[in-house]
Participant: 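Shown below is the structure under consideration.
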Amino acid sequence: MDPNGNYIFSSRPRAVENRSRYKELPAEQTHSNIMYDRRVVRGNTYAQHIIPIIAQPDPVERQQQIRRRALARKQARGQLRTNTPEAVQGRKHIDVQTEQYLEELSDVIVATDIECQTDDFLDRPATPLFIPAKSGKDVETQIEEGELFDFDREVQPVLESWSVRTIEQSLGEVMEEEELACLRAQQRERRIAQQKEALKNEKEVAEKIGARACAKQYLSDILPAVFTSLRGHGYFYDPVQKDIETNCIPWLMDEVNNRLECRYTARNLLDNIIHDVVQKRLEMFKETQ
């Protein structure tokens, strides 16, 4: 501040920063959301995120930004492009050549038939069976009938086991049938008992329902009568009403009677006075005549 009160600012001299000779061309103007701009400070202003002057952008992020911009530009161009209107009912669109030189279009694919002949091959003969070469000496022996196996003697244990197994299986089947019959009889008896119990329960429920309905009907008439009788005998009363009827109303009636008696006495006295005055006036009037 100078003596006159004006504000004066001065700073030390410093070298000029290296600047480019020509002005840089402005980057392509794009519209973006400022909520994702790092230059926009959000939150606590006491701890601001200061971007350095010479900060270098991330190359990967830069590439992703360029890719997103190109995709958005492509979508915008696709939206601005006018599409061909739909065909009128009964007609359809067809492709038309707009090139300078026309060419014949055909969906028929050119196909040619070519043949070739192979040499005949003979069938492979069947592989002969493998017969190993004979080795050693041939020896033979003679076994008479009954020397190695006696059927009547060897078959006896087999028949015994079969018969025992058959008898055991038959006994088991008979016992199983008896047990099943016993179970069926028990089930039949249990079902009969359950049916009887269900009928008994239904009868008891019906009786209870009937008794409840009868009691409800009887009580529906007796309850109001009982309450009316009790209320008439003075068992149910309003304490304020009772106090008014027993204390306030008798006192009020006494006071009213007293006031009426006083008024009646005063009225009789006044009538007597008026009668006396009228008699005296009448006598004076007669005397004056």
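Fair warning: this is a prediction, and the values are worked out from it, not measured in the lab.
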Participant: Which heavy-atom pair separates Arg69 from Arg62 by the least distance, and what is that distance?
Facilitator: NH1-NH1, 4.2 Å
Participant: Can you list, by chain and residue number, the hydrophobic cluster partners of Ile273 when the side-chain cut-off is 4.5 Å?
Facilitator: Leu269, Val277
Participant: Consider only side-chain heavy atoms of I, L, V, M, F, W and Y, link residues closer than 4.5 Å, and tell whether Leu180 and Leu171 are in one cluster.
Facilitator: no
Participant: For Arg267, which of Asp271, Thr265, Leu270 qualifies under side chain to side chain contact (heavy atoms under 4.5 Å, CB included)?
Facilitator: Asp271
Participant: Measure the spacing between CD1 of Ile209 and CZ of Arg212 and express it to the nearest 0.5 Å.
Facilitator: 8.5 Å
Participant: Rounded to the nearest 0.5 Å, how far does CD of Glu86 lie from NZ of Lys92?
Facilitator: 15.0 Å
Participant: Can you tell if the side chain of Glu207 reaches within under 4.5 Å of the side chain of Lys203, non-hydrogen atoms only?
Facilitator: yes
Participant: Look up atom SG in Cys182 and atom CD in Gln186, then write down how far apart they are to the nearest 0.5 Å.
Facilitator: 4.0 Å
Participant: Looking at residues at least two apart in the chain, or sitting in another chain, which of them share a side chain to side chain donor-acceptor pair (under 3.5 Å) with Asn247?
Facilitator: Asp243
Participant: Would you check, one step at a time, whether the test side-chain contact (heavy atoms from CB on, under 4.5 Å) holds for Arg73 with Arg77?
Facilitator: CA-CA 6 Å; Arg73 198 179 301 112; Arg77 281 205 296 281; 3.3 Å; yes
Participant: Report yes or no: does Ser229 contribute a side-chain atom to a donor-acceptor pair with the main-chain N or O of Val226 at less than 3.5 Å?
Facilitator: no
Participant: Can you tell me how far CD of Glu178 sits from CG of Leu183, rounded to the nearest 0.5 angstrom?
Facilitator: 12.0 Å
Participant: Verify the cluster assignment for Tyr218 and Phe227: are they in a single hydrophobic cluster under the rule of side-chain heavy atoms below 4.5 Å apart?
Facilitator: yes
Participant: Around atom CD of Glu197, are there more than 12 heavy atoms from other residues, nucleotides or ligands closer than 6.0 Å?
Facilitator: no
Participant: Kindly compute the distance separating CG (Asp254) from CD1 (Ile249), expressed to the nearest 0.5 Å.
Facilitator: 12.0 Å
Participant: Roughly how far, to the nearest 0.5 Å, is the CG atom of Asp152 from the CD atom of Gln156?
Facilitator: 9.5 Å
Participant: Among all residues two or more places apart in sequence or in another chain, which pass the side chain to side chain donor-acceptor pair (under 3.5 Å) test with Gln64?
Facilitator: none
Participant: Could you walk me through whether Gln63 and Ile66 pass the side-chain contact (heavy atoms from CB on, under 4.5 Å) test, one step at a time?
Facilitator: CA-CA 5 Å; Gln63 291 179 1; Ile66 294 171; 5.6 Å; no
Participant: Looking only at heavy atoms, which two atoms of Ala87 and His93 are closest? And how far apart?
Facilitator: N-NE2, 3.3 Å
Participant: Quick check: is Val256 connected to Trp251 through a chain of hydrophobic side chains (ILVMFWY, heavy atoms under 4.5 Å apart)?
Facilitator: yes
